[in-house]
Each structure stands twice: as structure tokens, then as C-alpha cells.
Undergrad: 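Structure incoming, see below.
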Amino acid sequence: MNHKEILDISVKPNEPYNAKEVTLREYLRQLAVAPWTNNPERIFDGKRFNGSGSYDFAVFESLIRAGVLNGKLDEDGYVEELDVEQAKAFVRELISKIFEKEEEATK
């Protein structure tokens, strides 16, 4: 799977509970702009831009479900086993791809 396909994976945010699914691209975009906006429609909590603090695990769960990350989910769909440092490194690389110029991102 290339980075563009990975960024189209659906993510169900953990907070707020009524949040709708969005693409990973949109989720990461909202995470990046959340501290700079007062938009009540955003998917993150108003007091803490990252909601309950589990924003990273919403991403990890989606990537495990899509087969992008090696890990295991429990019966409720939450992360049970994962190399968190490796997963964070992968997401950092993916976020960097979002901001690359198009010719660099295809490499």
C-alpha cells in the first residue's frame, strides 16, 4: 500500500463518542489545525485538542485493521499488542509525506 492509499484509510475517532469516521488524511489535518481553531465541529475536545489523549491509538487501530501495521486488536477493536515506538515512527513518516511536494511524495 502506498502512502496515498494509507491516508485514505477510515479512522473512527475515540472522542467525542459521536464523532463520524473520516479519512486518516482528514484526521491528521484536524489534529494539526485543532490548536489553532475554535471550530466546534472538529473531532477533538474543546479543552484538550487531542480529546482524551488516545488520538494516536485511534490511528493505530485503523492502521492495524487495514493491515498496514503489525499488531493485534482485542474483541472490542482496541490495541492489544503493538510496537508503539515503531508505530509512532511510521505515523511521523506518513505525516511528513502530507507536507512534501508532489514529486517528492511519489518517491
Side-chain angles (χ1 to χ4, degrees):
M1 207 180 278
N2 66 38
H3 76 277
K4 289 181 182 183
E5 293 168 325
I6 294 170
L7 289 167
D8 286 334
I9 290 172
S10 182
V11 175
K12 174 70 169 109
N14 294 330
E15 296 262 345
Y17 295 108
N18 62 349
K20 64 180 181 177
E21 287 191 17
V22 294
T23 64
L24 180 54
R25 176 183 286 105
E26 175 62 13
Y27 188 85
L28 294 173
R29 185 194 69 78
Q30 288 190 31
L31 182 60
V33 300
W36 306 99
T37 182
N38 290 322
N39 180 0
E41 297 298 314
R42 68 179 186 250
I43 60 176
F44 300 99
D45 181 277
K47 291 183 181 177
R48 297 171 303 213
F49 80 90
N50 61 356
S52 68
S54 60
Y55 64 95
D56 49 355
F57 279 83
V59 172
F60 299 156
E61 290 158 6
S62 297
L63 294 174
I64 292 169
R65 202 172 291 111
V68 176
L69 288 179
N70 292 323
K72 182 178 177 186
L73 301 176
D74 66 16
E75 61 274 357
D76 296 318
Y78 296 109
V79 174
E80 187 173 297
E81 294 176 16
L82 178 68
D83 181 334
V84 175
E85 291 308 311
Q86 183 180 21
K88 286 181 179 181
F90 179 82
V91 173
R92 283 193 302 269
E93 182 180 327
L94 193 59
I95 292 169
S96 296
K97 292 283 187 189
I98 296 171
F99 296 99
E100 288 180 357
K101 293 180 182 175
E102 187 61 32
E103 61 274 7
E104 293 173 354
T106 58
K107 294 179 182 176

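Because only heavy atoms are used, hydrogens play no part in the values below, and waters and symmetry mates are left out as well, while side chains stay in.
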Undergrad: Could I get the full list of salt bridge (Lys or Arg N to Asp or Glu O under 4.0 Å) partners for D8, not counting sequence neighbours?
TA: R25
Undergrad: Which residues pass the side-chain hydrogen bond (donor to acceptor under 3.5 Å, both in side chains) test with Q86, not counting sequence neighbours?
TA: none
Undergrad: I need the full list of salt bridge (charged side-chain N to carboxylate O under 4.0 Å, His left out) pairs touching residues 59-82, with sequence neighbours left out, sorted by first then second residue.
TA: K72-E80
Undergrad: Give the minimum heavy-atom separation between K12 and S62, together with the two atoms involved.
TA: N-OG, 4.2 Å
Undergrad: So do the side chains of T23 and I9 get within less than 4.5 Å of each other, counting heavy atoms only?
TA: no
Undergrad: Is M1 reachable from Y27 through a run of I, L, V, M, F, W or Y residues, each pair having side-chain heavy atoms under 4.5 Å apart?
TA: yes
Undergrad: Using the rule given for side-chain contact (heavy atoms from CB on, under 4.5 Å), can you reason through V59 versus L94, listing the C-alpha separation, both sets of side-chain angles and the distance that settles it, and then say yes or no?
TA: CA-CA 11 Å; V59 172; L94 193 59; over 6 Å; no
Undergrad: Would a 4.5 Å heavy-atom cut-off, applied to side chains only, mark V91 and L63 as touching?
TA: yes
Undergrad: Could you tell me which non-hydrogen atom of A87 sits nearest to which non-hydrogen atom of L82, and how far apart they are?
TA: CB-CD2, 3.9 Å
Undergrad: Are any non-hydrogen side-chain atoms of F90 and I6 less than 4.5 angstrom apart?
TA: yes
Undergrad: Applying side-chain contact (heavy atoms from CB on, under 4.5 Å) to D56 and V84, what does each step give before you reach the verdict?
TA: CA-CA 10 Å; D56 49 355; V84 175; 5.7 Å; no
Undergrad: List the residues meeting side-chain hydrogen bond (donor to acceptor under 3.5 Å, both in side chains) with N70, not counting sequence neighbours, and say none if there are none.
TA: none
Undergrad: So how far is it from L73 CG to F57 CZ, rounded to the nearest 0.5 Å?
TA: 11.0 Å
Undergrad: Listing request: all salt bridge (charged side-chain N to carboxylate O under 4.0 Å, His left out) pairs with a residue in residues 84-93, at least two apart in sequence or in separate chains.
TA: none
Undergrad: Just to verify, what does S10 make a side-chain hydrogen bond (donor to acceptor under 3.5 Å, both in side chains) with, not counting sequence neighbours?
TA: E21
Undergrad: Report yes if the side chains of D83 and L69 come closer than 4.5 Å at any heavy-atom pair, otherwise no.
TA: no
